[in-house]
Amino acid sequence: MRLSRGFIPTIKEIPSEAQIASHRLMLRAGLVRQTSAGIYAWLPLGLRVLRNIERIVREEQNAAGAQEVLMPTIQPAELWRESGRYDDYGKEMLRIVDRHDREMLYGPTNEEMIVDLFRQSVKSYRDLPINLYHIQWKFRDEVRPRFGVMRGREFLMKDAYSFDVDRAGAVRAYRGMMLAYMRTFQRMGLKAIPMVADTGPIGGDLSHEFIVLAPTGESQVYYDASFEGVDYLADAGTPDLDRFFADITARYAATDEKHDTAKWAEIPEADRREGRGIEVGHIFYFGTKYTKAMNATVAGPDGKMFHPEMGSYGIGVSRLVGAAIEASHDDAGIIWPDAIAPFKAAILNLKNGDAACDALCESLYAALAGDALYDDRADRAGVKFNDADLMGHPWQIIVGPRGAAAGRVELKRRATGERVEVSPEEALAKVRS
RNA sequence: CGGAGCGUAGCGCAGUCUGGUAGCGCAUCAGUCUGGGGGACUGAGGGUCGUGGGUUCGAAUCCCGCCGCUCCGACCA
């Protein structure tokens, strides 16, 4: 994308309504614009990040054996009456009446709908296990939306639902999802830690939330330093889920609501880590709560009908954009992890109109195809440096008149600020690596 | 849901108390000079002052209603 033609409205001044870093930076870097309280429009740069996160989530879900579907945002009230949640959910649910006075709602989650789909078509234990997910917009009418996309009313969420013949199968599904989540967050360049959680209105007796560490997070967290060294991507092939789960849950990790000071005291002081965190995922095992309430049954080997065991697994896709920024930024702007950056590199033409600069930039831009944002604007160098830092591209390829004449460029790494003079080919190789 | 604010140009704000020509900075447009960390100069465009009503010779300003947004707290897959 050429910045001169791109719809990337950056702003210098700090928007008055935004209180935290990620919200300010998302507005300033031109990622989103608010359209009403807790509801945002995604602009090209922000949408690219959102799509990158979605892609990683999708790849890991598929790899874990889940199948993608796409359910609607608008749901009939009838399904929610079956589960009993139409009344329980309260004012957080956005209720809608259509022209025939039918009661509808904008889905805050999809347990009811997935169970309805499941019971229509799955009739035998032979079809289990099955795990279905989708990535779809949700709406929860929060009393007080805040923190930009991290606590919006409308948000993009990946939610998966597993169906198994028995509790052991459901627990296996749960553990598989937990590993998939850890892999997902690691691939995004985020430090996430699973913590035992309350099950809340969803119900069930096995639940973990996934907390991304960031100094500005909403919850206080405590964890064992040994989490810092775990490589969830190392276990290629068929993972041993039981060993993984035993290993992870043996380590101490808790939010302040679940914090156990006695267990905490048992950890060597040097290994105690305290900090702030942002919840970006939550998984639940809840057994037959919904399959019973909605009478979803399949035939077992003995011919008898039974209620499958379920779990549900959510990742806040749009919230992750904000969480990633909270976890990685400085005074100048965003510092994107490579895997989710909107562009791998920015090409800064410091002297637009100079024949050597223009030619070199054009060739770099062509070589990087869609992976680079080319700052071809007629602005001064300082403007380009500041905008590139603000937008947080992992690499900046800086092309100035002196260097261009000599066939050299500068390559800057956003995360470290390190700048080296290299040949254009070396710069391309680095960016692509 | 309790408490507190705000709404004036694209953004940030002043003007409101004490009614009388709607302003400032940034941004935008044109031009000139510049050219490695948000540059300078000259000129220009851009406003139903959130909205409806009331008071008044006259309302951004005073009064009443409504709408929207934000912050603190409570709440929160």
For this session: Report yes if a side-chain nitrogen or oxygen of K384(A) is closer than 4.0 Å to either non-bridging phosphate oxygen (OP1 or OP2) of rG37(B); otherwise report no.
Result: no

Problem set entry | N52(A) side chain to I340(A) backbone, donor-acceptor under 3.5 Å | yes

Exercise. Got a donor-acceptor pair under 3.5 Å from the side chain of R419(A) to the base of rG37(B)?
Worked result: yes

For this session: Once you apply the 3.5 Å cut-off to both distances, tell me the Watson-Crick or G-U wobble partner of rG36(B), or none.
Result: none

Seminar exercise, completed: Applying the 3.5 Å cut-off to both distances, the Watson-Crick or G-U partner of rA14(B) turns out to be none

Exercise. Is D387(A) touching bases, backbone alone, or none of the nucleic acid, heavy atoms closer than 4.0 Å?
Worked result: base

Problem set entry | Separation of rC72(B) P from R146(A) CZ (nearest whole Å) | 6 Å

Problem set entry | Protein-nucleotide distance (K412(A), atom NZ; rG36(B), atom C1'), rounded to Å | 12 Å

Exercise. Considering every strand shown, what is the Watson-Crick or G-U wobble mate of rC69(B) when both distances are under 3.5 Å?
Worked result: rG5(B)

Exercise. How far, in whole Å, is rA60(B) from rG3(B) if one measures between their P atoms?
Worked result: 32 Å

Problem set entry | P atoms of rA14(B) and rG5(B), separation to the nearest Å | 15 Å

Problem set entry | Nearest-Å distance for atom pair CG/P, residues D375(A) and rG36(B) | 15 Å

Exercise. Can the ring centroids of Y285(A) and Y174(A) be said to lie less than 6.0 angstrom from one another?
Worked result: no

Exercise. For atom C1', what is the distance between rC69(B) and rG31(B), given to the nearest Å?
Worked result: 40 Å

Problem set entry | Pairing nucleotide - rG19(B), Watson-Crick or G-U, each distance under 3.5 Å | none

Problem set entry | Nucleotide paired to rC29(B) in any strand shown, Watson-Crick or G-U, under 3.5 Å | rG43(B)

For this session: Report which part of the nucleic acid G400(A) touches: base, sugar-phosphate, or nothing (heavy-atom distance under 4.0 Å, all strands).
Result: base

Problem set entry | Distance, rounded to the nearest Å, where R140(A) contributes CZ and rC75(B) contributes C1' | 14 Å

Problem set entry | Phosphate OP1/OP2 of rG37(B) contacted by R380(A) side-chain N/O (<4.0 Å) | no

For this session: With heavy atoms under 4.0 Å as the rule, sort R33(A) into base, sugar-phosphate or nothing.
Result: nothing

Exercise. Got more than 12 heavy atoms from elsewhere within 6.0 Å of CZ, R172(A)?
Worked result: no

Exercise. Base, sugar-phosphate, or nothing for K138(A), non-hydrogen atoms under 4.0 angstrom?
Worked result: nothing

For this session: Ignoring hydrogens and angles, tell me if any N or O in the side chain of Y161(A) forms a donor-acceptor pair with the backbone of N110(A) under 3.5 Å.
Result: yes

Exercise. Reckon R144(A) has a side-chain N or O less than 4.0 Å from the OP1 or OP2 of rA74(B)?
Worked result: no

For this session: Sticking with atom P, work out how far rU61(B) lies from rU8(B), rounded to a whole angstrom.
Result: 14 Å

Problem set entry | Distance, C1' atom - from rA40(B) to rG35(B), rounded to whole angstrom | 12 Å

Problem set entry | Selection from rG73(B), rG37(B), rG38(B) that lies nearest to any side-chain heavy atom of V383(A) | rG38(B)

For this session: May I have the distance from I11(A) (atom CD1) to rG25(B) (atom C1'), rounded to whole angstrom?
Result: 16 Å

Exercise. Between Y252(A) and H259(A), what is the ring plane arrangement, given parallel below 30°, perpendicular above 60°, and tilted in between?
Worked result: perpendicular

Exercise. Taking atom C1' in both rG43(B) and rC67(B), what distance in whole Å separates the two?
Worked result: 40 Å

Exercise. If the C1' atom of rC26(B) is compared with that of rG46(B), how far apart are they to the nearest Å?
Worked result: 14 Å

For this session: Assess whether one donor atom and one acceptor atom, taken from the side chain of D379(A) and the base of rG38(B), lie less than 3.5 Å apart.
Result: no

Exercise. Of the nucleotides rC26(B), rG38(B), rC71(B), which one has an atom closest to the side chain of E13(A)?
Worked result: rC26(B)

Seminar exercise, completed: Of Q34(A) and R402(A), the one whose closest nucleotide on RNA chain B sits nearer the 5' end is R402(A)

Exercise. To the nearest Å, how far apart are E17(A) CD and rG68(B) P?
Worked result: 17 Å

For this session: Write down the distance separating the P atoms in rU51(B) and rC11(B), rounded off to the nearest Å.
Result: 15 Å

Exercise. Taking the six-membered ring for Trp, are W137(A) and W42(A) parallel (under 30°), tilted (30 to 60°) or perpendicular (over 60°)?
Worked result: tilted

Seminar exercise, completed: Rounded to whole Å, CZ of F147(A) lies from C1' of rC72(B) at a distance of 11 Å

Exercise. Quick one: L350(A) CG to rG35(B) C1', roughly how many Å, whole number?
Worked result: 10 Å

For this session: Remember a base hit wins even if backbone is also touched, and classify E410(A) as base, sugar-phosphate or nothing at under 4.0 Å, heavy atoms.
Result: base

For this session: Compare the minimum distances between each of rC11(B), rG36(B), rC75(B) and the side chain of V143(A), then state the nucleotide with the smallest one.
Result: rC75(B)

Exercise. For rA60(B), which nucleotide in any strand shown is its Watson-Crick or wobble partner with both distances under 3.5 Å?
Worked result: none

Exercise. Quick check: are there more than 12 heavy atoms from other residues, nucleotides or ligands sitting under 6.0 Å from NZ of K344(A)?
Worked result: no

Exercise. Distance check: side-chain N/O of K91(A) vs OP1/OP2 of rC1(B), anything under 4.0 Å?
Worked result: yes

For this session: For A332(A), answer base if it contacts any base atom (sugar-phosphate contacts may also be present), sugar-phosphate if it contacts only those atoms, and nothing otherwise; contact means non-hydrogen atoms under 4.0 Å.
Result: nothing

Seminar exercise, completed: Tested for ring-ring contact (aromatic ring centres under 6.0 Å, His included) against W80(A), the lone hit among Y89(A), Y106(A), Y86(A) is Y89(A)

Exercise. 5'-most contact on RNA chain B: P401(A) or R151(A), nearest heavy atom basis?
Worked result: P401(A)

